[in-house]
Novice: 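Sharing a structure with you now.
This is a predicted model, so every value here is computed, not measured. So that the names make sense, note that chain A is the first sequence line, chain B the second, and so on, each numbered from 1.
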Amino acid sequence: MTAGSSKNERYNAREAEARWQKVWADRKIFETRNDDTRPKYYVLEMFPYPSGRVHMGHVRNYTMGDVVARFKRATGNAVLHPMGWDAFGMPAENAAIDRKVHPQTWTYDNIVAMKRQLQSMGLSLDWAREIATCDPAYYKHQQKMFLDFLKAGLVERKQSKVNWDPVDQTVLANEQVIDGRGWRSGAVVEQRELTQWFFKISDYSEDLLEALDRLKRWPDKVRLMQKNWIGRSEGLLLRFALDPATTPNKENELEIFTTRSDTLFGAKFMALSPDHPLAQAAAAKNSRLAAFIEQCHHMGTAQADIDTAEKLGFDTGIRAVHPFDATWKLPVYVANFIVMDYGTGAIFGCPAHDQRDLDFVNKYGLGNTPVVCPPGQDPKTFVITDVAYDGDGRMINSRFLDGMTIKEAEEEVARRLEKDIRGNSPVAQRHVNYRLRDWGISRQRYWGCPIPIIHCETCGALPVPEEDLPVTLPEDVSFDKPGNPLDRHPTWKKVKCPKCSGPARRETDTMDTFVDSSWYFARFTDPWIKTAPTDRKIVDEWLPVDQYIGGIEHAILHLLYSRFFTRAMRKTRHIDMDEPFAGLFTQGMVVHETYQAKNGDWVEPANVRIEGTGDDRRAMLASTGEPLEIGSIEKMSKSKKNTVDPDDIIAAYGADTARWFMLSDSPPDRDVIWTEEGVQGAWRFVQRLWRLVGEIAETAAPARRPVAFSEQAVTVRKAAHRALAHVSEDIDKLRFNRCVAHIYEFANALSDAIGKIERAPAGDLCWALREACGILVRLFHPMMPHLAEECWATLGHKSLVATESWPQVEAELLVESKITLPVQINGKKRADVTVARDAGKSDIEAAVLALDAVKKVLDGRSPKKVIVVPQRIVNVVI
RNA sequence: GCGGACGUGGCGGAACGGUAGACGCAAGGGACUUAAAAUCCCUUGGGAAAUUUUCCCGUGAGGGUUCGAUUCCCUCCGUCCGCACCA
């Protein structure tokens with residue numbers, strides 16, 4: 001290629017990008033060896049679901065990862081940067097239902113299409129390590145780990161309440177229930193009790209919580225979200241005695257969990273969840289109660305329903321005994337606002353200090369007694385009517401607790417009741433309760449990893465023998481009926497019991513797809529190993545992932561599951577660490593304006609023509625000129641049709657332009673607005689760099705480094721090394737938008753300097769420009785790798801810039817011998833002063849006081865104070 | 001309701017407590033051109049004087065700490081996000 005030789009020639013991104021991609025692939029320069037001895041660096045972007053098309057969110061995500069990968073390679077690391085496919089999931093089955101195509105065919109076709117798209121972006125990925133989670137070579141190991149977890153006591157089979165879609169006949173995840181209806185079928189979701197497989201993530205509640213503090217390179221936001229999700233609260237488990245005469249089956253106690261044991265003397269009632277066993281037992285003997293419970297089950301689960309729902313209760317007739325007063329009887333209600341899966345599903349109600357309890361007693365006329373008096377309030381006049389008091393204060397109306405603080409009272413209650421033994425155990429026990437629930441992984445779906453279990457009438461649920469793994473999915477399945485095709489397959493589930501050889505059946509549920517993505521990062525370290533999920537020596541070398549990049553939408557589920565899985569893999573000796581991701585970065589979304597026609601239809605940006613600017617800006621349908629309404633800027637989505645196809649952008653401008661724009665406009669953790677103007681700006685800069693490098697390559701620079709540099713040459717060299725220092729730091733801290741700004745500044749400085757070549761015949765300026773240009777190309781290489789290769793070749797290099805090392809900063813170029821300090825008078829800038837860099841405070845002060853501007857203001861007086869911050873600022877206080 | 005983040009020109013956004021508005025986009029003016037595109041140069045927070053320039057105001061609002069606050073603290077307003085009958 002003859003690059004940039006003609007100043008009018010444009011850079012042909014299409015042609016050059018394909019050419020360089022082929023060179024990289026042919027030379028396998030992005031393949032990583034496990035025996036590389038350089039310091040390791042593992043950079044990973046959340047792998048995509050193979051939906052069939054790469055979207056702009058992918059482009060943003062993978063560009064960021066690629067910048068880091070290329071930078072780390074240049075700075076001397078052995079970089080692992082792999083890519084794979086999160087390939088199981090519902091869309092494949094939906095495609096099978098809608099289009100009569102097999103999920104496997106659909107998925108693999110999509111993978112082919114998306115891989116081509118990713119390759120057109122010029123990402124420095126090691127494709128030799130590509131994995132797909134739907135490949136038996138992958139899920140075989142997942143099944144093995146399921147069995148290992150089972151053996152280690154980390155898997156449990158239990159009844160649980162699930163969201164059941166009666167039309168699609170499957171369990172739905174909570175996120176798939178929208179306003180109480182199945183997201184796909186629109187059917188009202190039912191609550192069903194099903195036997196399901198669970199991973200015991202709650203065994204690690206405390207560990208997962210406590211370790212968050214050590215994830216220093218995670219966003220605070222994500223750590224906080226996980227902390228809240230795990231939801232630790234300290235309190236008391238308290239067993240209330242029941243009056244046996246009032247209970248349905250002579251039950252004699254009721255256990256509750258409370259975080260406010262201090263308010264025990266304000267108790268007015270007990271309340272049970274409608275699903276509480278005692279409520280169920282009572283309902284069996286009371287049809288009106290049974291009807292009430294039924295009514296509770298039909299209460300809407302949508303947010304609006306919960307907000308407006310009245311607190312309803314039903315007195316069971318059961319009476320509980322106050323733990324400090326055997327004569328004090330409390331009525332036991334079933335109440336619609338008590339949930340079964342938190343604490344014990346039962347509470348004692350202290351209305352004065354809990355708003356829900358107060359609403360409840362006000363409805364049923366049970367009254368309230370305040371037991372915490374706010375500071376400054378007279379306990380005699382302190383009453384509660386409609387608003388519960390949940391603040392601090394001193395105990396009142398509480399017998400031996402009176403006068404104590406809340407904390408003291410809690411301590412006293414615990415101390416007394418811990419000693420109080422009923423049966424074999426204390427009445428109260430300090431308890432840490434977590435909101436985190438065990439992870440139900442059973443899905444009544446075909447396109448997922450089969451759960452390797454065999455059910456035998458006589459022997460129970462047994463693991464599939466290891467030598468029979470993988471349990472593969474049958475290919476001859478039909479999707480013409482709703483429900484799970486595995487369950488109605490004629491032969492697949494019929495097997496012999498591995499223990500008694502009698503007739504048995506396979507588990508037909510498959511695993512939640514979040515299981516697949518909970519360990520893929522470990523598999524990348526040695527995807528070739530056939531005998532085990534991981535090679536212990538290799539996986540422990542590569543992990544943890546040094547920089548993980550993905551969307552904030554995974555802040556809880558995927559990231560929490562992966563943290564659990566790593567711990568479980570450690571327990572089962574597949575890995576030797578707890579935390580999979582040392583550094584996490586959550587990038588913002590790609591958003592775009594929306595366009596809507598008169599009839600309400602949304603219109604794709606590709607079909608919109610924009611005219612005018614500012615207030616005069618109008619959108620119209622490109623084909624007919626029909627005016628369109630310009631709507632709000634929103635996340636690119638199919639529903640609003642405000643998507644831009646990466647293929648179109650790459651075809652029109654090239655991958656480098658798309659990559660550059662993605663990095664340039666907004667800080668990487670914020671949303672970026674995709675605009676045509678912005679892309680064109682990026683494209684112009686690509687062309688500008690191309691011309692700039694071409695011009696500099698044409699100059700007659702001396703072959704040898706000049707002994708001395710003119711002022712102009714020094715200016716160029718300083719600009720280069722300053723840019724180098726900034727860009728290095730900014731990439732390291734993932735501040736890509738600032739990298740971009742510094743590269744613009746640097747390019748501007750070079751453009752200015754080129755204009756001065758004719759006045760600098762000595763050649764040292766040309767030499768400096770040539771040096772600076774080499775730095776420039778290496779600086780923008782991580783962001784625009786194809787253009788960088790093309791420019792690198794233009795500068796006469798035979799090597800690939802992708803394998804070049806990062807330039808070294810010449811530190812002495814960053815320090816100025818003379819510096820200009822701003823001079824403030826009373827905090828407002830009034831002048832500048834230029835002094836030697838290492839000038840002492842007194843010298844600077846003298847120089848400042850000699851300034852005309854300062855003298856004028858002082859007018860003969862002497863200043864109150866002169867503050868000199870060396871190398872920063874001077875402030876004269878009058 | 002609880003928790004968190006954010007608020008800077010026409011727009012995206014810069015700014016270890018130290019010259020507010022880097023860099024980009026958009027806009028205006030000019031050069032080149034038969035013309036357009038491309039490119040290059042200049043201007044661009046608001047206001048007031050003015051020849052070089054000078055001064056005042058300005059980072060959601062109000063207070064505070066400081067020689068000095070976009071940055072730290074308090075109160076309020078607004079926007080966004082997460083969680084939620086969680087006992």
Novice: Is A:K635 salt-bridged to A:E553, going by a charged N under 4.0 Å from an acidic O?
Specialist: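 No, this pair does not count.
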Novice: On RNA chain B, compare the nucleotides closest to A:I552 and A:F348; which residue's is nearer the 5' end?
Specialist: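 Closer to the 5' end of RNA chain B: A:I552.
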Novice: Do A:F661 and A:W674 make the cut of ring centroids closer than 6.0 angstrom?
Specialist: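 Between A:F661 and A:W674, the centre distance is under 6.0 Å.
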Novice: What's the shortest heavy-atom distance between A:D262 and A:A409, and which atoms?
Specialist: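 Closest approach of A:D262 to A:A409, heavy atoms only: CB-CB, 3.7 Å.
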Novice: A quick test of your reading: do over 12 heavy atoms of other residues, nucleotides or ligands sit less than 6.0 Å from NZ of A:K718?
Specialist: yes
Novice: For B:A20 and B:A69, measure between their P atoms and round to the nearest Å.
Specialist: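 Going atom to atom, P in each nucleotide, I get 11 Å.
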Novice: For B:G9, measure the glycosidic angle (O4'-C1'-N9-C4 for a purine, O4'-C1'-N1-C2 for a pyrimidine) and name it syn if it falls within 90° of 0, otherwise anti.
Specialist: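 Syn, angle within 90° of zero.
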Novice: What's the gap between B:C73 and B:G17 when it is taken at their P atoms, as a whole Å value?
Specialist: 12 Å
Novice: Heavy atoms under 4.0 Å, any strand shown: does A:V339 hit a base, just sugar-phosphate, or nothing?
Specialist: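 Here A:V339 touches the bases of the nucleic acid.
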Novice: Which value, in whole Å, describes the distance between the C1' atoms of nucleotides B:A14 and B:A87?
Specialist: 48 Å
Novice: Looking at every strand, decide which applies to A:I867 at a 4.0 Å heavy-atom threshold: base, sugar-phosphate, or nothing.
Specialist: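 Result for A:I867 = base.
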Novice: If you check the A:Y342 side chain, which of B:C86, B:G3, B:G82 turns out closest?
Specialist: B:C86
Novice: Just wondering, more than 12 heavy atoms not from A:R14 lying within 6.0 Å of its CZ?
Specialist: no
Novice: Respond yes when some side-chain nitrogen or oxygen of A:R735 is under 4.0 Å from OP1 or OP2 of B:G13, and no when none is.
Specialist: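 Result: no.
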Novice: If you take all heavy atoms of A:I552 and A:V222, which pair is closest and at what distance?
Specialist: CD1-CG2, 3.7 Å
Novice: Within this structure, what is the CZ-to-P distance between A:F736 and B:G13, rounded to whole angstrom?
Specialist: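 It works out to 17 Å between those atoms.
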Novice: Between B:A87, B:G3, B:C40, which one does the side chain of A:R688 approach most closely?
Specialist: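 Nearest listed nucleotide: B:C40.
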Novice: Is there a side-chain polar atom (N or O) of A:R435 under 4.0 Å from OP1 or OP2 of B:C85?
Specialist: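 The answer is no; no side-chain N or O of A:R435 sits under 4.0 Å from OP1 or OP2.
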Novice: Only stems of 3 or more consecutive Watson-Crick or G-U pairs count here, both distances under 3.5 Å; name the ones for RNA chain B, or none.
Specialist: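 The stems that RNA chain B takes part in, listed by first number, are B:1-7 with B:77-83, B:10-12 with B:23-25, B:27-31 with B:39-43, B:45-49 with B:53-57, B:60-64 with B:72-76.
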Novice: If you take atom types as modelled and just measure distance, does the side chain of A:K311 reach the base of B:C85 with a donor-acceptor pair under 3.5 Å?
Specialist: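 Result: at least one qualifying N/O pair found.
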Novice: Distance between the C1' atoms of B:U43 and B:A26, in whole angstroms?
Specialist: 14 Å
Novice: Which value, in whole Å, describes the distance between the P atoms of nucleotides B:G29 and B:A22?
Specialist: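 After rounding to an integer number of Å, I get 22 Å for this pair.
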Novice: Looking at A:K733 and A:E729, is any side-chain nitrogen of the basic one under 4.0 Å from a carboxylate oxygen of the acidic one?
Specialist: yes
Novice: Treating A:R830 as the side-chain partner and A:A853 as the backbone partner, does any N or O pair qualify as donor plus acceptor under 3.5 Å?
Specialist: no
Novice: If you check every side-chain atom of A:I338, which of B:A87, B:C81, B:C40 has the closest atom?
Specialist: B:A87
Novice: When the distance from CG of A:N875 to C1' of B:G18 is rounded to whole Å, what number comes out?
Specialist: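 One finds 9 Å between C1' of B:G18 and CG of A:N875, rounded.
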Novice: Between A:L238 (CG) and B:A87 (P), how many Å, whole number?
Specialist: 16 Å
Novice: Using atom C1' in both nucleotides, what's the gap between B:U70 and B:G7 to the nearest angstrom?
Specialist: 11 Å
Novice: Go nucleotide by nucleotide along RNA chain B from the 5' end; which of A:L224 and A:R830 gets its closest nucleotide reached first?
Specialist: A:L224
Novice: Establish, from distance only, whether the side-chain atoms of A:T594 and A:N642 form a donor-acceptor pair under 3.5 Å.
Specialist: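 A:N642 and A:T594 do not have a side-chain donor-acceptor pair below 3.5 Å.
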Novice: Checking contacts here: which listed nucleotide (B:C25, B:G12, B:A87) is nearest the side-chain heavy atoms of A:E677?
Specialist: B:C25
Novice: Rounding to the closest angstrom, what is the interatomic distance between B:U65 and B:C74 at atom C1'?
Specialist: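 Result for the C1' pair: 11 Å, nearest Å.
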Novice: Please find out if less than 6.0 Å separates the ring center of A:F269 from that of A:Y364.
Specialist: no
Novice: In terms of relative ring orientation, are A:F240 and A:F348 parallel, tilted or perpendicular, with 30° and 60° separating the classes?
Specialist: tilted
Novice: What interatomic distance, in whole Å, is found between P of B:A31 and the corresponding atom of B:U79?
Specialist: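 Comparing P positions in B:U79 and B:A31 gives a spacing of 49 Å.
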Novice: Remember a base hit wins even if backbone is also touched, and classify A:S664 as base, sugar-phosphate or nothing at under 4.0 Å, heavy atoms.
Specialist: nothing
Novice: Indicate yes or no: does A:D359 engage A:R356 in a salt bridge with an N to O separation below 4.0 Å.
Specialist: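 A salt bridge is absent here (no side-chain N lies under 4.0 Å from a carboxylate O).
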Novice: Output the rounded distance in Å from CD1 (A:I230) to P (B:A84).
Specialist: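 The distance from CD1 of A:I230 to P of B:A84 comes to 14 Å, rounded to the nearest Å.
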Novice: From the options B:A87, B:A26, B:G18, select the nucleotide whose nearest atom is closest to the side chain of A:I873.
Specialist: B:G18
Novice: Thinking salt bridges, do A:R232 and A:E206 make one under a 4.0 Å N-O criterion?
Specialist: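 Yes, this pair counts.
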Novice: Measure from the side chain of A:N228, starting at C-beta and using heavy atoms only, and say which of B:G3, B:A38, B:C81 lies closest.
Specialist: B:G3
Novice: Between B:C56, B:C67, B:A14, which nucleotide gets closest to the side-chain atoms of A:R670?
Specialist: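 Output: B:A14.
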Novice: Starting from C1' on B:C85, measure out to CG on A:L358 and report it in whole angstrom.
Specialist: 15 Å
Novice: Are there any protein N/O atoms within less than 3.5 Å of an N/O atom in nucleotides 61-65 of chain B, and if so, which ones and at what distance?
Specialist:
none

Novice: Verify the contact: side-chain N or O of A:K865 to OP1 or OP2 of B:C67, cut-off strictly under 4.0 Å; return yes or no.
Specialist: yes
Novice: Specify the separation, in whole Å, of atom CD1 of A:I610 and atom C1' of B:A26.
Specialist: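 Going from CD1 in A:I610 over to C1' in B:A26 covers 14 Å.
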Novice: Kindly give the atom pairs (protein nitrogen or oxygen, nucleotide nitrogen or oxygen) under 3.5 Å for nucleotides 20-23 of chain B.
Specialist:
| residue | atom | partner | partner atom | Å |
| --- | --- | --- | --- | --- |
| B:A22 | O2' | A:E745 | OE2 | 2.4 |

Novice: Would you say the rings of A:Y333 and A:F360 are close, in the sense that their centroids are separated by under 6.0 Å?
Specialist: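 Yes, they do, as the ring centres are separated by less than 6.0 Å.
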Novice: Looking only at atom types and distance, does a side-chain atom of A:Q226 sit under 3.5 Å from a main-chain N or O of A:L209, one as donor and one as acceptor?
Specialist: no
Novice: Quickly work out the A:W683 CH2 to B:G24 C1' distance and round it to whole Å.
Specialist: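 Taking CH2 of A:W683 and C1' of B:G24, I get 17 Å after rounding.
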Novice: A:H276 NE2 to B:A87 P: how many Å, rounded?
Specialist: 17 Å
Novice: Given B:C56, B:G3, B:U19, which nucleotide is nearest the side-chain atoms of A:P822?
Specialist: B:U19
Novice: Taking only side-chain nitrogens and oxygens of A:R223, does any of them come within less than 4.0 Å of OP1 or OP2 of B:G4?
Specialist: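 Negative; the distance criterion is not met.
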